[in-house]
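Let me begin by presenting the structure, written as structure tokens, before commenting on it.
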Number of protein chains: 2
Amino acid sequence: MTQPQPPPPSASEAKTVKAARTRARILDAALALVEEVGYDKATMRAIATRAGVAPSNAYYYFRSKEELIQGFYARLHEEHMVVLGPALESAKGLREQLLAVVDTKLDVAEPYHASSAALYRAAADPKSPLNPFSEASRPVRDDAIAVFTDLLAGTRTKIPADLARQLPRLLWTWELAIILRWIHDDSEGRRKTRFLAERTADLIVKLIRVSTLPGLGPLRRSAVKLVAELFEEDAAAS
Amino acid sequence: MTQPQPPPPSASEAKTVKAARTRARILDAALALVEEVGYDKATMRAIATRAGVAPSNAYYYFRSKEELIQGFYARLHEEHMVVLGPALESAKGLREQLLAVVDTKLDVAEPYHASSAALYRAAADPKSPLNPFSEASRPVRDDAIAVFTDLLAGTRTKIPADLARQLPRLLWTWELAIILRWIHDDSEGRRKTRFLAERTADLIVKLIRVSTLPGLGPLRRSAVKLVAELFEEDAAAS
DNA sequence: GTCTATAACCGGATAGAC
DNA sequence: GTCTATCCGGTTATAGAC
């Protein structure tokens, strides 16, 4: 299904090490170039030249330009994790903490805003590894979801157990939606995106509160059940 | 902002008519080819050949391949309107009518499922005229929203006035979401998409009911206000 | 069998002559 | 308004070096 990728640790170590280095060089060149000149101008030829290899060599290690850019997400996510810790510490209450997550995410992503449309275009393809729902994106996705799991574990807000189980994935979907808005947002300081984030964070907290009302139990349960089924269906084969 | 398009009715009629014919020929060829062989294989060269012109001539009339495919939406929408009427007649109740809208939409779109990923990819670009939120998509979008306006006007379900005003656009967004799922859906008979449509239709009807509860007035009002602001912000310049 | 390079294909898009 | 000739960038066939 996949290419050599990180060739399974077998055979002579020497060769493997060399390959891994070449692979890393290409990846570094790709990410640096995208950062400097944007996705479109970061051509495969330019990336290869910068890495000191032939264009087709990049295709030996990566199946497509998109896959080559996959490392992008991981890098963004790492940077996000670094700044998120302190931000969460100083955020009081669920609303503020939710906002801290997406606000820091947007901060970290800001340098790539110009490239984001091109990246999103690629990510829109169901078949692309850049697709946030893809198998290739799973490690980063699971980690991003875990952020919300941890956050909720530490909150004093009361949340029904069935809802609590689905909430991390729902909140991750919320984060995706905010990012989607951000991609389209050309207002100064991404004003519109920040506005959307704040207002929807308010709404989410209110909805969680309301969901504890006894009269709404049936509605909540059927909604939660639907969400659970949808996420599970993704896990199963199509 | 745009190209010659339908060159403003001036100058000698003869030329204008000829241009319009050439334009129509190219458009017809494009849509037919996409239908026959899919978006990717419908190359600009093939489209141009079929229309009996040079490739660059197509670019004289359309700024990009994507723009050339714009007519696609309008055609799909027209077909949808044709089958929707009868379907709505035989649907009893709000839930059934909502489902009738998206079910017929999916039926009409089914022949293009294979092309849909490519089209969606193009549509994902904020700058693309294919983007459903774009100015170019406005006529079809407004018409699709009007479907829900009409549907709601005829329903016996009680809906708070403030919510009723936003609901058509919200439901259109719901329709978009279902289509998005459909694009990614490779299950037999698009089982998963139909499932999602049914369950979310249930949920929508339940939510509308619940929204009339007096205790939930404040929450409903702030949610409705947010939605209204978001849609208005789109109308204004960025 | 692992890695790398040369040369070429293919399709979207553009320049510029007529 | 239409064409011919080309560019340009992603991608691949292929061959050969280590």
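Per chain, numbering begins at 1; letters A, B, ... match sequence-line order. Quick caveat: nothing in here was measured; it's all calculated off a predicted structure.
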Under 4.0 Å: is that the gap between some side-chain N or O of [X] and OP1 or OP2 of [N]?
X: B:Tyr60; N: D:dT2; answer: no
X: B:Tyr61; N: D:dT2; answer: yes
X: B:Asn57; N: D:dC3; answer: yes

[X] side chain to [Y] main-chain N or O, any donor-acceptor pair under 3.5 Å?
X: B:Ser134; Y: B:Leu130; value: no
X: A:Ser187; Y: A:Arg191; value: yes
X: A:Thr149; Y: A:Pro168; value: no

Encode nucleotides 12-17 of chain D as B, S and - characters from 5' to 3', where the letter depends on protein heavy atoms closer than 4.0 Å: B to the base, S only to sugar-phosphate, - to neither. BB----
Note: A:Arg121-B:Glu66 ion pair, threshold 4.0 Å (strictly below): yes
Ion pair check, B:Arg75 and B:Glu78, cut-off under 4.0 Å: no
Within residues 24-44 of chain A, those residues having any heavy atom closer than 4.0 Å to DNA chain C are none
Nearest heavy-atom pair of A:Pro55 and A:Arg45: which atoms, and what distance? CG-CG, 4.2 Å
Report the nucleotide, chosen from C:dT4, D:dG9, C:dT6, that has the shortest atom-to-atom distance to any side-chain atom of A:Ala54. C:dT6
Which nucleotide wins on minimum distance to the side chain of B:Arg45, given the candidates D:dG1, C:dG11, C:dT4? C:dG11
Show your working on side-chain contact (heavy atoms from CB on, under 4.5 Å) between A:Val83 and A:Glu79 and close with a plain yes or no. CA-CA 7 Å; A:Val83 299; A:Glu79 287 181 44; over 6 Å; no
May I have the distance from A:Lys18 (atom NZ) to C:dG1 (atom P), rounded to whole angstrom? 18 Å
Take atom CZ of B:Arg23 and atom P of D:dT2, then tell me their distance rounded to the nearest Å. 13 Å
Against the six-membered ring of A:Phe231, is A:Arg169 placed for a cation-pi contact (under 6.0 Å from the centre, within 45° of the normal)? yes
